[in-house]
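Taking it in order: structure first as structure tokens, then the write-up.
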Number of protein chains: 2
Amino acid sequence: MHQNLRQNIERKINTALSDTDFALFLSFLEPVTFPKKTIVLEAEHFCSNIYYIEKGLLISLLTDEKGEKHVVQFAFEDHWISDLYSFFSQKPAIITIETLEDTMALAITKENFELAMQKLPQFERFFRILIQNAYIHSQQRIAKTFTDDAEQRYKDLICTNPNFLQRVPQYLIASFLGIKPQSLSRIRQNMHKK
Amino acid sequence: MHQNLRQNIERKINTALSDTDFALFLSFLEPVTFPKKTIVLEAEHFCSNIYYIEKGLLISLLTDEKGEKHVVQFAFEDHWISDLYSFFSQKPAIITIETLEDTMALAITKENFELAMQKLPQFERFFRILIQNAYIHSQQRIAKTFTDDAEQRYKDLICTNPNFLQRVPQYLIASFLGIKPQSLSRIRQNMHKK
DNA sequence: GAAATTCATTCACATAGGTTAAGAAAGAAA
DNA sequence: TTTCTTTCTTAACCTATGTGAATGAATTTC
């Protein structure tokens, strides 16, 4: 039970957890379920949870100054999702999170997060690494956007996540790639011709 | 002395520091100077410092899979710069850091960082917020790249940092904006015509 | 099951930015 | 100074992506 979560954590902190420590950490997590197309976090509201996804699929969206929404992250099984900025700063969220499928997750609240930090020093490290990885990933996405064209980025995305084609509507993939749905349609058409 | 640094930290953690705590923290920082055009950190090497810039100007560059370099950050007075990934993970750096001007900085090593964390719990918070801000900033940069054209991004950049025009060569500004130097030149030409 | 949405495709045309190449300007070095 | 090197500008042409509009398919709603 919860072996995936345990491995997910141990991989990040690069250390095995004792059974008691892991059990203690689990006690701070609460199972939650959301039906498909649920808004889990609305921008401007307060983000009081970090979610570990056991089953299902969610997206996070950032709304820019012009009011346009951009897909920031796809989070499926064994991923973490939240508005870490709002969660840690206790300020209104800048991100919206929605389910694309029925979802089962484990939620840690800010209060439990603080408790866990006190009792389990390893978890401070774990969450710092979580932010750090998100940051590195974000930087590399910028570099990739500057270097590769949309066709290459699309190929890479579906190569690493072939199931997205079944699970994610194309206009959201287009948004994640930074292009319009029509352009993605044209790219797919060109790919098939070659 | 070091009032800017103190304010920089207090602003982030949103708490005043006692004189003794700040003095203790300062004792973990070592002053360093670099002449213009010095490579402070080379990609593939180990990043053992985080720098607080007292005077001067540096850039960090990310090299992508095609070997192209992209300016990730301009760091001038009162900014922090490092390869946080390499610093925390103790793996080879993915970022290069160079001075554009003669620079005076305060450096904290990984060893001193660990000591400071033990003696000064506030600083764990400070560095987590440092990463967190870098992450949020990076995400917003992606959204901006997808929404605004290069001319708008250039205007915004020089509007918030008018001194860049004097201090930073245009080809580095172009790299930061994700365009070629010739394109920036054309954009500037069009701006003057209007 | 019909009506209403939402989503994907296609096309013609517009535009931002890339590419190549040449020369001017500005700095650094001698 | 003169030379050498780096940076910036300009221009002609090319390509990727955006825009708007039409159409059909798929999904949702009633």
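Naming convention: chains lettered A, B, ... in sequence-line order (proteins, then strands); numbering from 1 in each chain.
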Can you find a side chain N or O atom of A:Gln170 that sits less than 4.0 Å from OP1 or OP2 on C:dT9?
yes

Considering only side-chain heavy atoms of B:Ser185, which listed nucleotide, C:dC7, D:dT17, D:dT9, is closest?
D:dT9

Given 3.5 Å as the limit, does a donor-acceptor pair link the side chain of B:Asn49 with the main chain of B:Tyr51, or not?
no

Whole-Å distance, B:Gln189 CD to D:dA12 P, equals 11 Å

Considering non-hydrogen atoms only, spot the tightest contact between B:Arg125 and B:Ile13 and give its length.
NH1-O, 3.0 Å

Under a 4.5 Å cut-off applied to non-hydrogen side-chain atoms, are A:Phe146 and B:Glu68 in contact?
no

Nearest whole angstrom, please: distance from the C1' of C:dC7 to the CG of A:Leu184.
12 Å

Rounded to the nearest angstrom, tell me the gap between atom OH in B:Tyr154 and atom P in C:dG17.
14 Å

Bend angle of the helix from C:dG1-D:dC30 to C:dA30-D:dT1, end axes from five pairs each (to 10°):
60°

To the nearest angstrom, how far is B:Ile187 atom CD1 from C:dA16 atom C1'?
8 Å

Sidechain-backbone polar pair: B:Arg167 side chain, B:Gly56 backbone, donor-acceptor under 3.5 Å:
yes

Are side-chain heavy atoms of A:Thr147 and B:His70 found at a separation under 4.5 Å?
yes

Interatomic distance where CZ belongs to B:Arg188 and P belongs to D:dT10 [whole Å]
10 Å

Which heavy-atom pair separates B:Thr103 from B:Leu58 by the least distance, and what is that distance?
CG2-CD1, 3.7 Å

For the residue pair B:Phe126 and B:Phe25, categorise the inter-ring angle as parallel (less than 30°), tilted (30 to 60°) or perpendicular (more than 60°).
perpendicular

Using whole Å, report how far OH of A:Tyr171 lies from C1' of C:dT9.
16 Å

Can you give one letter per nucleotide of nucleotides 18-30 of chain C, 5' to 3': B if a protein heavy atom sits under 4.0 Å from the base, S if only from the sugar-phosphate, - if neither?
BSBB---------

Expected output: side-chain A:Glu101 to main-chain A:Lys55 donor-acceptor under 3.5 Å
no

What integer distance in Å separates B:Leu100:CG from D:dT6:P?
16 Å

Do A:Phe127 and A:Phe87 have their ring centres less than 6.0 Å from each other?
no

To the nearest Å, give me how far apart CD (A:Glu151) and P (D:dT17) are.
8 Å

